[in-house]
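From a predicted model like this one, the values you see are computed outputs, not experimental measurements.
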Amino acid sequence: MTTTTTLAQVYREHPIHLRDIIPLDFNSIRSVPDSHVWPISDDFSSDHQLMVPIIDLKDPNAVKLAGHACKTWGAFQVINHGIHLNLLEETKMKALREPAGATGYGLARISPFFPKYMWHEGFTIMDSPTDHARALWPTDNARFCDVIERYQKQMKVLAEKLTDLILESLAIFREDLNWDVGSPSTALQLNSYPPCPNPNRAMGLAPHTDTSFLTILYQGSISGLQIFKQGAGWISMLPVTGALVVNVGDLLHILTNARFPSVLHRAVLNQEGSHRVSVAYFYGLPIECSVSPLLKLLDSGENPRYRPVTVKEYVDIKSKYFEEPLTSIRI
């Protein structure tokens, strides 16, 4: 009998130090410690007319618009998505993530790759939230579990709908791909950015790309998310009521032979001292699935930029070589 590898099992093979898991006690901090001081960024876009596309899923041109947004931005906001956004909540140390764990409370898992810590704490959920919920609320965890599980189910439905939409923009259909090797690898990340005494000196979440196929983010009403656009610089993704942010991940970037950029993004801190929260849903392909540039997409004479790689292998690579994971599979 064969056993199915999960995303959580892959991350267990790459344990990190406890110091890169336990956040500051943000409630007791009166100034930003040196361990959390980041250089001031001055590479903001000077073009205030630039705005990340907003796509209405009820628009008859949604397929074309999504494809264009993925190609030119690597991200877009989506409305009329059918998701109820009145869910979600959080707590803490009883559910601290283990060094070899992938789920639970702690600092962002990308923390070890940066010289400074981020002004961030989060809660990662893969599959059922029951075990961590019991640690937090031994006798009263049903509502939290119900909310999380309903949100995960709704996000999965939306992610599959968006995947089909994006593939259709490329004249590709799910049936053309060999993805029937298990369940999608998914994760839900609850992010918290506490008020900071000097938000100009700290960083909420350092610049990074997502390993996923695509990511769906609920960012609430407080701005903080920024994406990097070549030739323009960092651009703020201003919240739109009822909208969800969708961004291209590394796996979709590979599949399209770099036609769709895996967008570099970060979270800056709120200047008014507000507590900002966001919820990210990472939608990936089955762990054993092999990903490579689709020959159907290659123009005449164009060569594939990346060799075939399984999702598991790519997660392993990025866990070791976070800054340049795509370089290691480039042909």
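Although no hydrogens or angles enter the test, the distance criterion places a donor-acceptor pair under 3.5 Å between the side chain of D56 and the main chain of K58. Judged by distance alone, with hydrogens and angles left aside, the side-chain atoms of N270 form no donor-acceptor pair with the main-chain N or O of C196 at under 3.5 Å. The backbone N or O of H81 lies less than 3.5 Å from no partner atom in the side chain of K161, so there is not a single donor-acceptor pair. No side-chain donor-acceptor contact under 3.5 Å links S274 to the backbone of R276. Looking only at distances, no side-chain donor or acceptor of R12 sits under 3.5 Å from a matching main-chain atom of P99. A side-chain donor-acceptor contact under 3.5 Å links Q219 to the backbone of M237. Proximity of a side-chain donor or acceptor of T256 to a complementary backbone N or O of L252 within less than 3.5 Å is detected. Put simply, the side chain of W119 never gets that close to the backbone of P199: no donor and acceptor are under 3.5 Å apart. Remark: side-chain polar atoms of Q152 are not paired, donor with acceptor, to backbone N or O of T186 under 3.5 angstrom.
Looking at heavy atoms from C-beta onward, L251 lies out of side-chain contact with D210 at the 4.5 angstrom threshold. Residues W73 and V248 are not in side-chain contact: their nearest non-hydrogen atoms beyond the backbone lie 4.5 Å or more apart. Looking at F76 and I54, their side chains never come closer than 4.5 Å, going by heavy atoms from C-beta outward. Inter-residue side-chain proximity for I287 and Q9 is flagged as unmet; no heavy-atom pair is nearer than 4.5 Å. A 4.5 Å side-chain heavy-atom check between S223 and S236 finds every atom pair outside the cut-off. Between E121 and L107 the shortest side-chain heavy-atom distance does not fall below 4.5 Å. Contact annotation: the side chain of I16 approaches that of I21 to within less than 4.5 Å [non-hydrogen atoms, C-beta and beyond]. Under the 4.5 Å side-chain criterion, counting only non-hydrogen atoms from C-beta, M118 is in contact with S111.
Y105 and L190 fall within the same hydrophobic cluster, where Ile, Leu, Val, Met, Phe, Trp and Tyr residues are linked whenever their side-chain heavy atoms come under 4.5 Å apart, directly or through other members. Note: the hydrophobic cluster containing L24 also contains V32 (ILVMFWY, side chain heavy atoms under 4.5 Å, direct or indirect links). L177 is connected to Y314 through a chain of hydrophobic side-chain contacts under 4.5 Å among Ile, Leu, Val, Met, Phe, Trp and Tyr, so both are in one cluster. Cluster membership for Y321 and V315, using ILVMFWY side-chain heavy atoms within less than 4.5 angstrom, is shared. Note on F282 and Y218: separate hydrophobic clusters, where clusters join Ile, Leu, Val, Met, Phe, Trp and Tyr whose side-chain heavy atoms are under 4.5 Å apart, directly or indirectly.
Checked for salt-bridge contact, D20 and R109 miss the test: no charged N lies under 4.0 Å from a carboxylate O. The pair D146-R150 meets the salt-bridge criterion, since a charged nitrogen lies less than 4.0 angstrom from a carboxylate oxygen. The existence of a salt bridge linking K318 and E324 is excluded, since no basic side-chain nitrogen approaches an acidic carboxylate oxygen closer than 4.0 Å. Salt bridge status for E160 with K156: present, with a side-chain N to carboxylate O gap under 4.0 Å. Checked for salt-bridge contact, E13 and K312 meet the test: a charged N lies under 4.0 Å from a carboxylate O.
A cation-pi arrangement is present between R266 and W234 under the rule of less than 6.0 angstrom and at most 45 degrees off the ring axis.
For H253 and Y306, the gap between ring centers is short of 6.0 Å. For Y193 and H120, the ring centers sit closer than 6.0 Å to each other. Close placement of the W179 and F213 rings is indicated, their centers lying within 6.0 Å of each other.
Closest approach of R305 and N257 over heavy atoms only: N-OD1, 2.6 Å. Here the closest non-hydrogen pair linking I222 and P239 is C-CG, 3.9 Å. When all heavy atoms are compared, the tightest approach of L57 to N80 is CB-O, 3.6 Å. Of all non-hydrogen atoms in V311 and S185, the two that sit nearest each other are CG1-OG, 4.3 Å. Scanning all heavy atoms of the two residues, the minimum distance from A69 to P53 falls at CB-CG, 4.0 Å. Here the shortest heavy-atom pairing between R307 and S328 reads NE-O, 4.3 Å.
Residue K296 qualifies as enclosed at atom NZ: its count of foreign heavy atoms under 6.0 Å is above 12. When the shell of 6.0 Å around NZ of K71 is examined, it contains 12 or fewer heavy atoms from other residues, nucleotides or ligands.
The OG atom of S28 lies 3.5 Å from the CG atom of D25; values are rounded to the nearest 0.5 Å. Between atom OG of residue S262 and atom CG of residue N247 there is a gap of 7.5 Å, rounded to the nearest 0.5 Å. Here CG of L170 is found 8.0 Å from CG of L255. Values are rounded to the nearest 0.5 Å. Note that the NZ atom of K64 and the CG atom of D59 stand 11.0 Å from one another [nearest 0.5 Å]. From D250, atom CG reaches atom NE2 of H208 across 10.0 Å, with rounding to the nearest 0.5 Å. For the atom pair CG of L217 and CG of N191, the computed distance is 7.5 Å after rounding to the nearest 0.5 Å.
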Working for side-chain contact (heavy atoms from CB on, under 4.5 Å), residues L244 and L158: CA-CA 11 Å; L244 293 166; L158 178 59; 3.7 Å; yes
Pair Y283-M155, side-chain contact (heavy atoms from CB on, under 4.5 Å): steps then yes or no: CA-CA 9 Å; Y283 181 78; M155 284 291 109; over 6 Å; no
Step-by-step side-chain contact (heavy atoms from CB on, under 4.5 Å) determination, T310 to V291: CA-CA 6 Å; T310 66; V291 184; over 6 Å; no
Q77/I55 under side-chain contact (heavy atoms from CB on, under 4.5 Å): CA gap, chis, key distance, verdict: CA-CA 6 Å; Q77 297 205 61; I55 298 175; over 6 Å; no
Q189 vs T124, side chain to side chain donor-acceptor pair (under 3.5 Å): CA-CA, chis, key distance, verdict: CA-CA 5 Å; Q189 175 73 25; T124 307; 2.4 Å; yes
